[in-house]
Amino acid sequence: APATLGTGSGGQLTANGSTTLNGNVTTVGSQQYASVVIAGNTTLTGSSVGASGSTTQSGGARTLTLDAASASLGAVTVNQLTANGSTTLNGNDTTAGAQQYDDVVIAANTTLSGASVAIVGTTTQTGTPSLEVNAATSSLGAVTVDKLTVNGTATLHGNVSTGDTQQYANVVLGADVQLAAAGGSDIDITGTLTGAHALGTSAGGTTRLRGAVNIGSLTTGTLGGTEI
């Protein structure tokens with residue numbers, strides 16, 4: 001049966017079924033939910049936080065904050081999402097506003113859609129999932145996934161390694177960056193490439209730089225050549 005919780009605290013919390021949250025929940029131990037409805041701006045604080053089903057909002061635009069060393073989420077649709085700690089994503093996250101994560105583990109094919117998306121730390125994978133980012137602006141640290149697609153303007157602060165293709169719209173180098181695509185895969189930047197840093201590429205396929213390039217330096221090592 002559905003459950004409704006206001007603000008609370010305790011040692012450990014397990015909620016089976018659909019749970020509506022109207023306030024902050026704090027536990028010393030873990031919090032585990034099936035499906036969650038956020039009915040007020042909510043912070044979930046615990047040693048770990050998990051929502052295996054969907055996380056949605058009701059009654060207006062809601063903000064969800066996760067303060068946990070580790071968290072695991074299914075599909076999420078809220079106004080704004082902040083996840084501190086390491087977050088495992090098992091579904092798509094959609095926000096009207098911003099999404100910000102520390103470290104992310106992609107456990108299934110995932111699309112992050114929002115006004116902005118920032119992953120401050122590392123993005124890694126379990127299995128061979130793909131990651132797509134749909135945001136006007138995004139910021140990524142080091143990324144290791146099977147396939148990466150980034151729409152909008154992406155600022156890269158770390159190396160990106162994929163087993164399949166990498167595709168970007170506009171790229172800003174926030175640090176020296178190495179892009180590596182294994183096998184016969186391509187690296188494709190369809191828009192502008194800027195930033196006063198060094199970019200190196202390594203691809204079994206072709207590196208395509210389709211827009212204007214204004215960076216510190218460029219080194220390409222691709223079996224299929226480089227198209228500028």
Contact check, side chains of [X] and [Y], non-hydrogen atoms, under 4.5 Å:
| X | Y | result |
| --- | --- | --- |
| V145 | T162 | yes |
| L156 | V171 | yes |
| Y168 | V160 | yes |
| S48 | Q31 | no |
| I38 | T56 | no |
| D103 | V105 | no |
| I228 | T207 | no |

Minimal non-hydrogen separation, [X] against [Y], with atom names:
| X | Y | result |
| --- | --- | --- |
| V177 | G158 | CG1-O, 3.5 Å |
| A96 | A115 | O-CB, 3.4 Å |
| K147 | T165 | CE-OG1, 3.3 Å |
| A39 | N22 | CB-OD1, 3.3 Å |
| G17 | A34 | O-CB, 3.1 Å |
| I187 | A180 | CD1-N, 4.3 Å |

- Query: Do the side chains of I215 and L140 join up, straight or via other hydrophobic residues, at under 4.5 Å, putting them in one cluster?
  - Reply: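 Looking at the clustering, L140 is in the same group as I215.
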- Message: Do V143 and V120 land in one hydrophobic cluster if side-chain heavy atoms of ILVMFWY residues count as linked below 4.5 Å?
- Response: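 No, it is not one cluster - the side chains of V143 and V120 are not joined through contacts under 4.5 Å.
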- Item | Verdict with supporting geometry, L179 and L199, side chain to side chain contact (heavy atoms under 4.5 Å, CB included) | CA-CA 8 Å; L179 304 181; L199 175 65; 3.8 Å; yes
- Message: Can you see whether S72 engages N90 through a side-chain donor-acceptor pair at a distance of less than 3.5 angstrom?
- Response: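 On atom types as modelled, these side chains qualify, holding a pair under 3.5 Å.
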- Message: Under 3.5 Å, is there a donor on one side chain and an acceptor on the other for S18 and S35?
- Response: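 Looking only at side-chain atoms, S35 and S18 do not form any donor-acceptor pair under 3.5 Å.
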Check whether any side-chain N or O of [X] sits under 3.5 Å from a backbone N or O of [Y] as a donor-acceptor pair, and report yes or no.
| X | Y | value |
| --- | --- | --- |
| Q167 | V150 | no |
| Q99 | S113 | yes |
| T27 | Q12 | no |
| D146 | P129 | no |

Using 0.5 Å steps for rounding, measure from the [atom1] atom of [X] to the [atom2] atom of [Y].
| X | Y | atom1 | atom2 | answer |
| --- | --- | --- | --- | --- |
| Q57 | L21 | CD | CG | 13.0 Å |
| T63 | L81 | OG1 | CG | 9.5 Å |
| S138 | N170 | OG | CG | 10.0 Å |
| L209 | T226 | CG | OG1 | 7.0 Å |
| S217 | H197 | OG | NE2 | 10.5 Å |
| N79 | T95 | CG | OG1 | 7.5 Å |

- Task: Would you mind telling me which of D93, T123, T82, N84 makes a side chain to side chain donor-acceptor pair (under 3.5 Å) with Y101?
- Result: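 Single side chain to side chain donor-acceptor pair (under 3.5 Å) partner of Y101 among D93, T123, T82, N84: D93.
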- Item | Pairs touching residues 171-188 that satisfy side chain to side chain donor-acceptor pair (under 3.5 Å), sequence neighbours left out |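 Listed by first then second residue: D186-R208, D188-R210.
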- Message: Show every side chain to side chain donor-acceptor pair (under 3.5 Å) that has at least one partner inside residues 125-135, sequence neighbours left out.
- Response: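 Non-adjacent pairs meeting side chain to side chain donor-acceptor pair (under 3.5 Å): N109-S130, E132-N134, E132-N151, N134-N151.
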- Task: Take L173 and L193 through the test side chain to side chain contact (heavy atoms under 4.5 Å, CB included) and record every step on the way to the result.
- Result: CA-CA 8 Å; L173 300 179; L193 171 60; 4.3 Å; yes
- Message: Please identify which of these residues, T77, V76, L112, T111, meets the side chain to side chain contact (heavy atoms under 4.5 Å, CB included) condition with N92.
- Response: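 Answer after filtering T77, V76, L112, T111: T111.
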- Query: Would S139 and H157 count as a side chain to side chain contact (heavy atoms under 4.5 Å, CB included) if you check the C-alpha gap in whole Å, the side-chain angles of each, and the deciding distance to 0.1 Å?
  - Reply: CA-CA 7 Å; S139 178; H157 297 278; 3.2 Å; yes
- Task: Quick one: do L73 and T87 satisfy side chain to side chain contact (heavy atoms under 4.5 Å, CB included)? Show the steps, please.
- Result: CA-CA 7 Å; L73 296 175; T87 304; 4.1 Å; yes
